[in-house]
There are 2 protein chains.
Amino acid sequence: MNLKQLAHMLALSQTTVSRALNGYPEVNEETRRRVMDAAKRHGYRPNPSARRLATGKSGMIGYVLPTGTAVDIDPHFVEFLSGLGDYARSHELDLVLSPADADDQETTYRRIVANRQVDAVYISSPRREDSRVALVSTLGIPFLVHGRSEGFDFDYPYLDIDNEGAFHEAARLLVQLGHQRLALINGDDRETFAIHRERGVRRALAASGLTLSERHVCSVVMTEENGYRATRRLLEASDAPTAIACSSLIMALGVVRAVRDLGLTIPGDVSLIAHDDVFPWLKPENFSVPLSTTRSSIRLAGARVAERLAARISGVEEGARGEVWPVDLVVRGSVAGAPA
Amino acid sequence: MNLKQLAHMLALSQTTVSRALNGYPEVNEETRRRVMDAAKRHGYRPNPSARRLATGKSGMIGYVLPTGTAVDIDPHFVEFLSGLGDYARSHELDLVLSPADADDQETTYRRIVANRQVDAVYISSPRREDSRVALVSTLGIPFLVHGRSEGFDFDYPYLDIDNEGAFHEAARLLVQLGHQRLALINGDDRETFAIHRERGVRRALAASGLTLSERHVCSVVMTEENGYRATRRLLEASDAPTAIACSSLIMALGVVRAVRDLGLTIPGDVSLIAHDDVFPWLKPENFSVPLSTTRSSIRLAGARVAERLAARISGVEEGARGEVWPVDLVVRGSVAGAPA
DNA sequence: CGAAAAAGCCAAAGCGCTTTGGAAGACTCT
DNA sequence: AGAGTCTTCCAAAGCGCTTTGGCTTTTTCG
């Protein structure tokens with residue numbers, strides 16, 4: 001059942017039927033009702049391909065997925081996706097993932113924009129002066145950054161959590177508990193969230209006249225194994241920290257294992273606070289010693305990103321609004337006063 | 001730059017240019033070269049919306065993403081996606097995720113098929129007589145099932161791993177080591193993989209005249225917490241098992257924690273084998289005691305699914321071919337002879 | 001050499017929708 | 001009552017591609 005048939009059946013023109021369906025004003029309410037009714041009754045659904053060709057709108061949002069045999073997708077992605085889906089589902093928004101060579105995403109961005117394949121895109125895990133952000137903002141397609149990119153002289157819309165504030169709070173707590181030597185096991189330090197977290201820790205330490213030794217900050221891909229290795233290295237050194245801030249729950253698994261392997265205990269010998277993105281399958285309260293965390297649901301962020309993207313597509317949201325969510329500090333058993 | 005312009009520029013008709021570009025035979029090789037060349041030089045890319053409208057082909061593969069506030073996306077999904085992306089990237093295949101209410105995916109399947117939004121779909125985590133498999137095969141769109149669905153009287157194309165064989169091998173090893181009481185901590189028992197794994201364990205036990213007690217098989221959502229709970233329950237019972245087969249690495253984290261909490265050891269008091277889908281961020285060899293696993297890369301499966309889907313779209317692959325991959329049993333420190 | 005077949009190209013008709021530019025009729029207002 | 005204004009609808013022109021059917025020209029072959 002296409003528009004032509006429906007129009008013929010109603011003895012109306014395609015124009016009128018189309019307008020009635022799309023809520024244009026120049027059609028009699030009575031007529032509109034008739035049309036709406038008939039459309040529903042016959043299960044008429046406009047052909048999206050045709051609509052796309054005519055309008056250039058696709059009803060989909062895009063994400064360029066960096067891939068490559070040496071590239072691993074962030075496990076957080078799936079939670080983010082859950083949130084995105086929660087919103088998108090109720091708005092018949094689809095998400096198209098365009099896999100791209102991680103080293104050349106530009107080609108793909110240009111392609112999906114030139115082809116009008118999607119109405120908007122989002123960018124995640126931005127780095128300093130992230131080239132994707134610069135590119136997309138010149139391309140003139142609605143977009144939203146999940147996270148932030150620094151170093152630009154222009155503004156752009158984003159949604160981020162207060163990573164600096166979160167790690168500032170975490171470090172401040174540890175300092176208050178008497179810890180003098182803190183360590184930070186961080187993610188890839190090219191990513192903004194890692195920069196912000198380090199900044200937060202440094203600021204908290206500085207407030208008490210302490211500093212974060214270069215040897216006490218690790219920047220690694222966030223795997224269990226890297227958490228383990230970093231911790232071994234930290235704790236086996238002569239100036240071993242007494243407290244660790246860690247950027248992910250997965251790395252924290254490795255931290256805990258390393259501490260145990262060394263015959264030490266949490267929080268007796270070392271206090272630990274990790275960031276929790278809220279996974280359904282791994283919870284900080286279930287660690288062998290319940291883990292203190294800075295908590296922020298990445299899933300909720302996903303839903304919000306979808307919502308704002310939809311708003312930008314429809315023109316409801318404009319401009320370069322940045323939105324920063326506060327992060328909860330949840331104290332559990334993994335922190336204690338510094339050992340004597 | 002559209003076809004019309006390109007054709008005009010070459011003093012040819014749109015027909016000829018289109019045919020030259022799409023490899024149709026009725027065009028002079030010399031002409032084809034000229035066209036190809038000009039197209040490349042001017043960076044001409046056919047507008048996919050227009051092509052879609054004309055051909056009905058979209059160049060995308062689809063996946064209906066079950067969502068809902070109480071629905072969590074499987075963390076394995078992201079690895080599968082990596083593999084899918086690895087292949088898709090080099091073939092300019094995009095993936096469209098259509099979020100759907102987990103309890104009503106049919107509507108969404110019908111929509112994406114009716115709208116010709118995608119050229120093929122894949123289905124994952126199928127259950128017994130999975131309604132999606134039945135639906136999609138009547139809808140007449142190329143598809144592939146990742147996993148298997150049982151109980152149908154028709155065949156369909158799928159890619160699965162030998163879950164039964166894997167867990168049969170695992171259980172057989174444990175039995176050979178003298179274990180008499182095995183337990184299985186499994187995933188949701190409505191899913192085929194869980195059914196197959198249980199079958200594998202039972203078969204191995206039966207071969208030695210043993211049985212799998214109903215109290216020794218747990219069917220739970222695969223989270224760390226559920227692994228922990230199941231293990232506590234199992235080991236605190238009077239007929240505690242001496243060996244556990246576990247369906248996921250994430251649950252195995254919980255198993256290990258529970259065993260430790262009870263003051264027991266692996267493999268001294270209980271042997272453990274888990275299935276490993278090969279995550280980059282959590283490796284069995286890095287468990288406190290290296291974990292024996294049945295291993296199969298879900299990422300490779302993702303790539304293969306994309307490859308076969310592409311083959312089906314282009315008509316290279318036809319019929320209901322089922323493909324079953326063998327699974328490696330990797331023995332590490334977590335298994336030992338049964339305690340006396 | 002001439003008929004039949006093949007090769008190479010084109011005009012035009014879709015694909016199914018949106019949107020422009022009217023046009024006819026109904027209403028208002030002086 | 002006539003001019004001007006709304007209201008309501010329509011025909012037709014795109015959007016940019018593929019594909020059908022046909023028309024020339026060249027090649028093949030008895």
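Treat the numbers as computed from the prediction; the structure is a model and nothing was measured. Protein chains get the first letters and strands the later ones, always in sequence-line order, with residue 1 at the start of each.
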Chemist: Separation of A:R52 atom CZ from D:dG14 atom C1', in whole Å?
Modeler: 18 Å
Chemist: Which residue lies toward the 5' end of DNA chain D, A:T55 or A:V17, if each is placed at its nearest nucleotide?
Modeler: A:V17
Chemist: Ring centroid separation for B:Y122 and B:F80, is it under 6.0 angstrom?
Modeler: yes
Chemist: If you take atom types as modelled and just measure distance, does the side chain of B:T15 reach the base of D:dT19 with a donor-acceptor pair under 3.5 Å?
Modeler: yes
Chemist: Just compare D:dC17, D:dC9, C:dG16 and give me whichever is closest to any side-chain atom of A:R19.
Modeler: D:dC9
Chemist: Tell me: CE of A:M1 to C1' of C:dG16, nearest whole Å?
Modeler: 13 Å
Chemist: Can you check side-chain contact (heavy atoms from CB on, under 4.5 Å) on B:K4 and B:Q14, steps first, answer last?
Modeler: CA-CA 6 Å; B:K4 194 171 180 177; B:Q14 295 189 36; 3.6 Å; yes
Chemist: Just the rounded figure in Å: distance from C1' of C:dG8 to CG of B:L10.
Modeler: 15 Å
Chemist: Do the side chains of A:R34 and A:E30 get close enough for a salt bridge, i.e. N-O under 4.0 angstrom?
Modeler: no
Chemist: Between A:N22 and C:dT18, is there a contact of a side-chain N or O with OP1 or OP2 at under 4.0 Å?
Modeler: yes
Chemist: Identify whether any heavy atom of A:A7 sits under 4.0 Å from a base atom; if not, whether one sits that close to sugar-phosphate; answer base, sugar-phosphate or nothing.
Modeler: nothing
Chemist: I need the minimum non-hydrogen distance between A:Y158 and A:G147, along with the two atoms involved.
Modeler: CB-O, 3.3 Å
Chemist: Check the distance between D:dG16's C1' and B:R45's CZ and give it to me in whole angstrom.
Modeler: 15 Å
Chemist: Quick one: is D:dC10 close enough that its OP1 or OP2 comes under 4.0 Å of any side-chain N or O from A:S13?
Modeler: yes
Chemist: Looking for any heavy atom pair under 4.0 Å, which part of the strands does A:A11 touch: base, sugar-phosphate only, or nothing?
Modeler: sugar-phosphate
Chemist: Is there a side-chain polar atom (N or O) of B:Y44 under 4.0 Å from OP1 or OP2 of D:dG16?
Modeler: no
Chemist: Between B:N28 and C:dG8, is there a side-chain N or O to OP1/OP2 distance below 4.0 Å?
Modeler: yes
Chemist: Calculate the interatomic distance between A:R51 atom CZ and C:dC15 atom C1'; express it in whole Å.
Modeler: 16 Å
Chemist: Think B:S18 has a side-chain N or O under 4.0 angstrom from the OP1 or OP2 of D:dT18?
Modeler: yes
Chemist: May I ask you to verify if any side-chain N or O of B:T31 is less than 4.0 angstrom from the OP1 or OP2 atom of C:dC9?
Modeler: yes
Chemist: Whole angstrom is fine here: how far is it from CZ in B:R34 over to C1' in C:dG8?
Modeler: 13 Å
Chemist: For B:T67 and A:D86, run side-chain hydrogen bond (donor to acceptor under 3.5 Å, both in side chains): C-alpha distance rounded to whole Å, both residues' side-chain angles, the deciding distance at 0.1 Å, then the answer.
Modeler: CA-CA 6 Å; B:T67 57; A:D86 283 343; 4.6 Å; no
Chemist: Examine D:dT18: is either OP1 or OP2 under 4.0 Å from a nitrogen or oxygen in the side chain of B:Y24? Give yes or no.
Modeler: no
Chemist: Please state how far atom CD in B:E30 lies from atom P in D:dT26, giving the value in whole angstrom units.
Modeler: 15 Å
Chemist: Just the rounded figure in Å: distance from P of C:dC17 to CZ of B:R116.
Modeler: 14 Å
Chemist: Quick check: on DNA chain C, is the nucleotide nearest B:A54 upstream (toward 5') of the one nearest B:Q14, or the reverse? Name the residue that is more 5'.
Modeler: B:Q14
Chemist: Which heavy atom in B:R32 sits nearest to a heavy atom in B:P25, and how many Å separate them?
Modeler: NH2-CA, 4.2 Å
